[in-house]
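Here is the naming used below: chain letters follow the sequence lines, and residue numbers restart at 1 for every chain.
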There are 2 protein chains.
Amino acid sequence: MPDKKITADCSSCTLAKRCLPSGIPVTDLYRFTNIVSTNQTFSTGDVLFKQGVKAANLYVVKTGAFKTQIINQFGDAHVSGFYLSGDIIGLESMAGGVTLNSSIAIEPSLACKISYRPLALLRREFPSLSDLAVKIYSQALATTQDTQNCLSIHSAPSRLAQFLILFSQRTNQLSYQQSDLHLNMSRQDMASHLGIAVETVSRSFTKLIDSGCITKTGRLIQIIDRTGLEKIAQCSSY
Amino acid sequence: MPDKKITADCSSCTLAKRCLPSGIPVTDLYRFTNIVSTNQTFSTGDVLFKQGVKAANLYVVKTGAFKTQIINQFGDAHVSGFYLSGDIIGLESMAGGVTLNSSIAIEPSLACKISYRPLALLRREFPSLSDLAVKIYSQALATTQDTQNCLSIHSAPSRLAQFLILFSQRTNQLSYQQSDLHLNMSRQDMASHLGIAVETVSRSFTKLIDSGCITKTGRLIQIIDRTGLEKIAQCSSY
DNA sequence: GCATAATATTGATACAGATCATTTCTTCTA
DNA sequence: TAGAAGAAATGATCTGTATCAATATTATGC
């Protein structure tokens with residue numbers, strides 16, 4: 001019974017404690033695993049969903065990373081967010097019925113797909129799942145506020161510094177002092193997300209390195225002086 | 001029994017259809033009115049809640065307008081959002097237990113206060129209220145994404161144009177083509193929210209007026225050429 | 001209705017970052 | 001491993017916006 005094996009995966013998943021199953025009593029977990037398609041594989045550039053189509057699913061990132069982007073009428077894309085292990089994609093389109101953005105894998109990734117409808121039914125049945133939903137949404141809102149705050153910072157190096165701080169907080173939630181971070185996204189994606197030119201991203205990296213706050217080898221960043229980085233991030237924000 | 005009169009207010013409220021009561025069966029509405037402090041009055045500058053204190057309440061704007069702002073360690077304030085009639089304030093702090101921003105009235109206003117705790121109990125009891133919560137959160141996320149998108153626009157006039165479009169969509173949800181809009185906030189607040197200098201806000205207004213897209217008398221804006229305004233908004237966004 | 005303060009606009013200048021061009025580095029494939 | 005294609009960094013120039021200063025307009029209290 002290979003099917004059962006796949007859908008029964010949630011109980012042994014390393015993310016289970018942070019993910020939606022934590023909202024369901026262990027004895028009823030099978031109810032949840034029935035509505036999940038676990039561990040779907042995505043290569044870099046693969047699309048989870050396109051902007052403007054019927055919104056039908058949530059995706060939980062298991063490994064790897066995704067971005068969401070919004071494309072306006074002139075075809076300009078803006079990267080609205082990055083999603084890492086444990087993050088949930090598709091929350092903002094649940095009410096409207098139409099996807100507000102596209103979601104794309106930015107490295108080889110695994111994600112679990114959950115349909116809106118059966119999830120809503122489960123939520124109605126299990127109050128603890130309803131509580132979890134509110135908690136997840138509340139945190140998602142807090143995260144977008146952080147991002148928004150970051151975008152309101154003026155100088156490019158400050159904005160990049162703030163981005164690195166936020167990113168390191170998200171990737172190293174367990175050990176805040178962990179200083180290594182792997183930037184999964186291209187400079188192009190970072191530039192779009194931060195609202196600055198690609199070249200300016202590079203130059204800003206150079207400045208952060210010269211100031212002695214970070215080191216960089218490829219896409220691997222090491223934060224040497226977190227306090228210094230925070231000082232740079234706090235300059236010239238409205 | 002004046003107390004009863006006040007708490008029984010929701011059934012006759014003009015916002016009831018958009019507000020939380022719509023998630024509760026009419027026959028049980030009294031359960032909801034019991035946990036609401038309706039029509040609390042606020043003068044310009046009055047504070048709903050301060051950043052960094054215990055988060056305990058949601059506020060629904062009945063009339064008037066509020067802003068939320070985040071203050072960093074250096075005392076720089078960033079206006080993260082504006083809240084108008086029907087909007088709900090305090091959603092993002094529900095999970096963490098601590099307020100992530102301050103909320104301040106920007107004109108004489110009325111707001112209804114709802115405590116988190118009893119609301120959560122009601123939500124567990126009424127699945128339709130749980131559905132509504134998800135819908136409200138989803139829409140709130142969509143709104144912040146709009147804002148974020150706006151902040152990623154480069155040129156100041158484009159950003160202002162986009163802000164005006166979004167603002168008019170929010171204030172005139174019923175009649176999209178309505179072209180009058182009253183900007184409740186000061187130039188300072190707009191500047192902070194848009195991440196540009198106050199002077200640049202003024203200059204950008206002048207440009208929008210010169211281009212023939214809008215007219216302006218004080219804080220009252222009239223959109224003359226919506227298509228033109230949208231074109232300006234779409235220029236030079238990443 | 002006037003005086004004062006607060007808010008908003010306009011002007012002049014300097015600088016940060018966009019843009020285009022070029023070089024260096026990295027990654028992928030044969 | 002070499003070569004090609006892509007991504008990232010660096011350089012030079014020019015434009016847009018921040019900043020500081022001054023003026024105009026709108027609100028507010030007496």
Side-chain angles (χ1 to χ4, degrees), chain A residues 43-45 67 76 78-79 106-108 150-164 182-211 214-221 232-233 235-238, chain B residues 43-45 67 76-79 105-108 150-164 182-211 214-221 232-233 235-238:
Chain A
S43 308
T44 306
K67 66 176 175 182
D76 301 320
H78 171 242
V79 173
I106 57 175
E107 62 180 28
C150 181
L151 281 174
S152 80
I153 295 174
H154 272 176
S155 97
S158 302
R159 206 180 287 187
L160 178 61
Q162 181 64 24
F163 174 75
L164 292 178
H182 172 67
L183 297 174
N184 323 64
M185 71 293 294
S186 67
R187 287 282 180 284
Q188 191 61 59
D189 285 339
M190 278 184 71
S192 167
H193 185 237
L194 294 175
I196 51 183
V198 214
E199 297 92 330
T200 309
V201 175
S202 281
R203 284 185 239 274
S204 300
F205 264 121
T206 309
K207 279 181 186 166
L208 293 183
I209 292 165
D210 289 351
S211 74
I214 65 168
T215 60
K216 180 172 73 68
T217 46
R219 287 184 177 182
L220 190 80
I221 306 292
I232 292 176
C235 288
S236 75
S237 78
Y238 272 88
Chain B
S43 308
T44 306
K67 67 176 175 184
D76 300 319
H78 171 241
V79 174
I106 57 174
E107 62 181 27
C150 182
L151 281 173
S152 80
I153 295 174
H154 272 177
S155 95
S158 302
R159 207 180 287 188
L160 178 60
Q162 180 65 23
F163 174 75
L164 292 178
H182 173 68
L183 298 174
N184 325 63
M185 71 293 293
S186 68
R187 287 282 180 282
Q188 191 61 61
D189 285 340
M190 278 185 69
S192 167
H193 184 239
L194 294 175
I196 51 183
V198 215
E199 298 92 330
T200 309
V201 175
S202 280
R203 283 185 240 273
S204 300
F205 264 121
T206 308
K207 280 181 185 166
L208 293 184
I209 292 165
D210 289 351
S211 73
I214 65 168
T215 61
K216 179 172 74 68
T217 46
R219 285 184 179 183
L220 189 79
I221 305 293
I232 291 176
C235 287
S236 76
S237 77
Y238 271 87

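Distances were taken from every side-chain heavy atom of B:Ile196 (C-beta onward) to each of C:dA18, C:dG17, D:dA18; the shortest belongs to D:dA18. Side-chain atoms of A:Ala197 lie closest to C:dA18 of the nucleotides C:dA18, C:dG17, D:dT19. The side chain of A:Pro157 lies closest to C:dG17, out of D:dA8, C:dT9, C:dG17.
Comparing the helix axis at one end of the helix from C:dG1-D:dC30 to C:dA30-D:dT1 with that at the other, each defined from 5 consecutive pairs, gives an inter-axis angle of 60° (nearest 10°).
When all heavy atoms are compared, the tightest approach of A:His78 to B:Ser152 is NE2-CB, 3.2 Å. Of all the heavy atoms in B:Ala233 and B:Ile153, the pair that sits closest is O-CD1, 3.6 Å.
Within the model, atoms CD1 of A:Ile214 and CD1 of A:Ile232 stand 9.0 Å from one another, a figure rounded to the nearest 0.5 Å.
Between A:Lys216 and D:dA8 there is no side-chain N or O to OP1 or OP2 distance below 4.0 Å. Considering only side-chain N and O atoms, B:Thr206 lies under 4.0 angstrom from the phosphate OP1 or OP2 of C:dT10. Within the structure, every side-chain polar atom (N or O) of A:Thr200 is placed at least 4.0 Å from both OP1 and OP2 of C:dG17.
The stretch residues 182-191 of chain A participates, sequence neighbours left out, in these salt bridge (Lys or Arg N to Asp or Glu O under 4.0 Å) pairs: A:Lys67-A:Asp189.
To the nearest angstrom, P of C:dT10 lies 12 Å from CZ of B:Phe205. Taking atom CG of A:Leu183 as the reference point, atom P of D:dA9 lies 11 Å away to the nearest angstrom.
Scored by the side chain to side chain contact (heavy atoms under 4.5 Å, CB included) test, A:Thr215 finds A:Gln222, A:Ile224 as partners (sequence neighbours excluded).
A:Ser202 comes within contact range of at least one nucleobase, with a heavy-atom separation under 4.0 Å.
A:Asn184 has its side chain out of reach of A:Arg219: every pair of non-hydrogen atoms, C-beta onward, lies at least 4.5 Å apart.
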Mind listing the side-chain donor-acceptor pairs of residues 193-210 of chain A below 3.5 Å, one per line with the distance, residues two or more places apart or on another chain?
residue	atom	partner	partner atom	Å
A:Ser204	OG	A:Thr200	O	2.7
A:Thr206	OG1	A:Ser202	O	3.0

Subject >> Summary of protein contacts for nucleotides 25-30 of chain C, nucleotide by nucleotide, where a base hit scores B, a sugar-phosphate-only hit scores S (4.0 Å, heavy atoms) >> reply: ------

For nucleotides 20-25 of chain D, tabulate all protein N/O to nucleotide N/O atom pairs closer than 3.5 Å, reporting atom names and distance.
residue	atom	partner	partner atom	Å
D:dC20	N4	B:Glu199	OE2	3.1

